[in-house]
Amino acid sequence: MKNVRQPIYETLLIGTLLAGVGGYLDAYTYILHNEVFASLQSGNVILLGLNLANGHFAKAITYIIPIFCFTLGAGLANLVEQFFHRPGAVIWQELSIIAELVGILIIDLFIGFIPGSFITSSLSLFAAFQVHTFRVMNNHPYNTTMTTGNLRTVGAASLNLLFRRGKLTTNWILLRDSFWVAASFGIGAFISTKLTNAIGPQALLGSVLILIVVLILMIWDQRGGTA
């Protein structure tokens, strides 16, 4: 039987780059826009409940809007998948990256003229495209915008290796992939914090540059890895 070539968007390279984007956007909006996360909606839900409990209703709204926009973005990404999930010159994963990249770039171009709440909510919408689209790496699930599930996999795979449970190769792959995705999320947040503190709102361009690299790699792979 002929082996099916693994697409690059399911490899560790793309997974770590996208996890870096996830951490980057969350740190960026947390620092500049009232401690709201762009993609980490679990954090927003917790902060929403905390502020509601403390009677800070105006503050709570700043979390409700990005949560709604993220949900909407996930639905839109699902529609893109349904309409374009077929072989062709452009794959739907590329369209998802293009939507996120162009969306963030447009926000950056008008960043001095739009309110912070709109920036965060728009970034949440586009981050949802990434979350919906990139869910499988090396035949196992993962997440590019939070680390809880990835850390769970690190722990499970580590102890499976220690006690010789399951397939050795499978556990090594799970441990390696999940560790580096979780680490990349933190590295993205670290770089974003440094750049945001140094140059302010225009640091958003850092995430655009990473997404451009991802898109170039995907197009290159789609063409069979040839120039």
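From a predicted model like this one, the values you see are computed outputs, not experimental measurements.
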- Task: Say whether Leu211 and Leu204 are linked into one hydrophobic cluster, either directly or through other cluster members, by side-chain heavy-atom distances under 4.5 angstrom.
- Result: yes
- Note on the structure: Separation between NE2 (His56) and CD1 (Ile61), nearest 0.5 Å, reads 13.5 Å
- Item | Point-to-point distance, once rounded to the nearest 0.5 Å, from CG of Asn150 to CZ of Phe179 | 12.0 Å
- Message: Quick check for you: to the nearest 0.5 Å, what is the distance between Phe68 atom CZ and Asn44 atom CG?
- Response: 14.5 Å
- Task: Please check if any side-chain donor atom of Asn160 sits under 3.5 Å from a side-chain acceptor atom of Ser158, or the reverse.
- Result: no
- Message: Taking Thr193's backbone N and O only, do any of them form a donor-acceptor pair with Thr196's side chain (distance below 3.5 Å, no angle check)?
- Response: no
- Transitively linked via ILVMFWY side-chain contacts under 4.5 Å: Tyr24 with Phe70? no
- Query: Applying the side chain to side chain contact (heavy atoms under 4.5 Å, CB included) test to Tyr9, which of Thr133, Ile91, Val136, Asp221 qualifies?
  - Reply: Ile91
- Message: Count I, L, V, M, F, W, Y as connected when their side-chain heavy atoms are under 4.5 Å apart, and connections chain through other members. Are Leu205 and Ile199 then in the same cluster?
- Response: no
- Spatial distance of atom OG (Ser184) from atom CG (Leu12) [nearest 0.5 Å]: 7.5 Å
- Item | Residues Glu10 and Asn139: side-chain donor-acceptor under 3.5 angstrom | no
- Message: Is there a side-chain contact between Ile65 and Val36 in this structure, where contact means two heavy atoms from C-beta onward sitting under 4.5 Å apart?
- Response: no
- Item | Test item: His33 and Ser117 side chains (from C-beta on) under 4.5 Å apart, heavy atoms | no
- Message: Just verifying a value: how many Å separate Phe134 CZ and Tyr142 OH, rounded to the nearest 0.5 Å?
- Response: 7.0 Å
- Message: Check this for me: Arg165, atom CZ, are more than 12 non-hydrogen atoms of other residues, nucleotides or ligands nearer than 6.0 Å?
- Response: no
- What distance do Leu25 atom CG and Gln130 atom CD have between them, rounded to the nearest 0.5 Å? 7.5 Å
- With a 3.5 Å cut-off and no angle check, do the side chains of Ser39 and Asp26 form a donor-acceptor pair? yes
- Message: Quick check: do Leu174 and Arg176 have side-chain heavy atoms less than 4.5 Å from each other?
- Response: no
